[in-house]
Amino acid sequence: MPKDVITPRARDYNQWYLDIVREADMAEVAEVVRGCIVFKPTGWALWELMQRGLDERIKETGHANVQFPLLIPKSFIMKEAEHVAGFAPEVAEVTRAGGEELAEPYVIRPTSETIIGHFYSKWIRSYRDLPLLYNQWCNVMRWELRTRPFLRTAEFIWQEGHTAHATEEDAEAETLKILYDVYADFAEKEMAVPVIRGLKTEKEKFPGALRSYCIEAMMQDGRALQAGTSHNLGQNFARAFDITYTDQSNTVQYCWTTSWGVSTRLIGALIMTHSDDEGLVLPPRLAPIQVVVVPIYKNDEERVRVLEAVGRMTAGWKGRLRFKVDDRDNFTPGFKYNEWELKGVPLRVEVGPRDVDKGSVAVARRDIPGREGKSIVPQEGLTERLLGLLDEIQAGLFQRALAFREAHTAVVSSYEELKQQIERGFAIAYWDGSSEDEKRIQEETRATIRCIPLDQPGTVGTCVYTGRETTRQVVFARAY
RNA sequence: CGGGGCGUGGCUCAGCCUGGUAGAGCACCGCGUUUGGGACGCGGGGGUCGUGGGUUCAAAUCCCUCCGCCCCGACCA
């Protein structure tokens with residue numbers, strides 16, 4: 001009988017999430033530092049794999065990594081009007097250092113547009129210096145009023161890309177390239193999380209941006225999670241920080257800049273997309289341990305025999321599979337099965353004396369819990385079988401998540417339908433309202449326009465709120 | 001930041017109302033028996049009761065302060 005360590009999703013989805021984070025040993029709430037978490041080895045190993053997948057894509061698309069200071073002069077933050085208004089309430093300041101009051105306080109970076117803008121202004125002279133394509137991996141701090149592990153923490157780790165271009169078209173192309181080729185590609189191929197690529201409304205866009213694009217994912221409670229954003233900053237920051245270049249005809253022009261980021265929030269998205277009441281479920285491509293081997297024996301003689309067989313079996317795995325042999329002898333096999341299921345390991349191989357005699361092993365799939373996910377297979381060709389199964393699981397998780405999203409998405413044609421649909425998932429509606437209309441809907445329903453999908457059907461319909469004719473459809477949902 | 005709940009061995013909690021020797025289960029340590037879906041017996045260790053102050057002969061318990069966590073709301077990657 002399973003112990004009651006994870007609250008079922010149906011009973012309390014929030015508690016379920018916190019239970020998974022704790023029981024899978026990914027992170028611990030730092031309680032001595034408000035709103036912060038400690039990444040434990042399992043959680044950090046997962047993040048390292050995610051970082052690798054993102055970093056590869058960032059570099060493949062022509063960007064180089066750099067690193068800017070953690071502290072930003074307070075006056076920098078004040079330079080771009082919308083930006084100040086957006087971030088002022090949540091910045092932490094450093095006012096003393098070296099035992100003395102500072103002449104000008106620093107803020108702990110909530111994001112780095114401003115300090116990077118300052119340096120871009122110094123570095124960019126001519127159109128030949130463009131485009132400038134940099135990225136940095138760093139931690140940032142936003143003094144959030146309500147925090148949850150991974151989803152919203154006061155300090156979080158992310159990458160922030162910052163680029164400068166000669167024309168609006170170039171900046172726009174960059175913004176979209178990141179959205180499609182880096183973020184959406186990573187989410188769907190590596191995380192197995194289907195995402196909607198969309199444009200943010202004026203109300204939801206980044207403070208200081210011209211346009212914000214995003215990828216939005218659906219969690220298992222039907223709520224939306226913004227998994228990544230890419231902003232075309234127009235010339236707003238270029239004007240505030242005097243980022244200019246001389247063009248081919250010797251005229252000084254303002255640059256067009258972009259910024260884009262994804263954070264450790266992605267870990268929250270991963271958990272809430274795939275995991276079940278038994279614990280964490282990880283997609284094979286990001287699982288720090290893809291295969292765990294549990295040896296079974298009753299005495300020393302069997303132990304030696306089984307471990308020898310396991311040694312032969314796993315000899316060729318290095319470099320092909322991330323695996324672990326769980327040879328702890330103070331736990332029973334049954335305990336280990338449950339523990340590794342809780343931790344989300346995609347495949348488990350069980351090897352006992354009977355298997356050694358018959359040349360077989362038992363293989364259990366994490367994505368299919370219980371007896372149905374378990375089968376007896378020959379030791380011969382095991383490695384290829386495991387590799388094949390990992391691919392199958394990866395694809396299966398994506399398909400399952402996609403099917404879930406589709407089952408919980410509906411086109412609505414009236415405000416009443418909208419109110420009902422957002423209780424269970426995404427509501428797609430024609431939209432021609434204003435920011436004020438949007439705010440009113442949020443107050444009345446607690447749902448917001450998550451995005452205007454970039455894939456539009458192009459058909460004509462009537463706006464769900466104003467009744468006006470429009471071809472634009474949007475996604476309404478309650479969001480994290 | 002507003003409303004609500006909570007803070008007691010590592011974890012989950014009882015004890016608080018009605019002040020008087022700090023408890024249970026799980027986990028941990030030792031020994032033995034066990035091991036194909038969360039083993040069992042015997043023995044053992046471990047707690048300034050979140051913090052600071054107050055009331056009292058006496059505070060986990062009553063009062064005040066601060067800190068943190070969880071839930072709801074507003075704000076947000």
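From a predicted model like this one, the values you see are computed outputs, not experimental measurements. Proteins get letters first, then strands, A, B, ... in listed order; numbering begins at 1 in each.
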Checklist entry - Do Arg450(A) and Ile196(A) pass the side chain to side chain contact (heavy atoms under 4.5 Å, CB included) test, and can you show the C-alpha distance, the side-chain angles, and the key distance before you say yes or no? => result CA-CA 10 Å; Arg450(A) 297 322 303 153; Ile196(A) 296 177; over 6 Å; no
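Evaluation of atom-type donor-acceptor distances gives a pair under 3.5 Å for the side chain of Lys374(A) against the base of rG37(B). Counting distance only, with no hydrogens placed and no angle test, the side-chain atoms of Glu31(A) and the base atoms of rG7(B) include no donor-acceptor pair under 3.5 Å.
Listed nucleotides rC72(B), rA74(B), rC69(B) differ in distance to Val29(A); the shortest reach to its side chain belongs to rC69(B).
In this structure, Leu266(A) reaches neither bases nor backbone, as no heavy-atom distance under 4.0 Å exists between it and the strands shown. No engagement by Ser360(A) is indicated, since no non-hydrogen atom pair under 4.0 Å with the nucleic acid exists. Nucleic acid contact class of Glu339(A) (heavy atoms, under 4.0 Å, all strands): base. Heavy atoms of Gly35(A) sit under 4.0 angstrom from primed sugar atoms or phosphate atoms, though from no base atom. At a threshold of 4.0 angstrom between heavy atoms, the contacts of Glu155(A) with the nucleic acid are absent.
In terms of phosphate contacts, Asn14(A) brings a side-chain nitrogen or oxygen within less than 4.0 Å of OP1 or OP2 of rC72(B).
Judged purely by distance below 3.5 Å, without hydrogens or angles, the side chains of Asn65(A) and Asp55(A) pair a donor atom with an acceptor atom.
For Tyr297(A), there are no ring-ring contact (aromatic ring centres under 6.0 Å, His included) partners two or more places apart in sequence or in a different chain.
Residue Arg148(A) is the one, among Thr229(A) and Arg148(A), whose nearest nucleotide of RNA chain B lies closer to the 5' end (criterion: closest heavy atom).
For residues 186-197 of chain A, the pairs satisfying salt bridge (charged side-chain N to carboxylate O under 4.0 Å, His left out) are Arg57(A)-Glu190(A), Asp185(A)-Lys189(A), Glu188(A)-Arg197(A), Glu190(A)-Arg285(A), with sequence neighbours left out.
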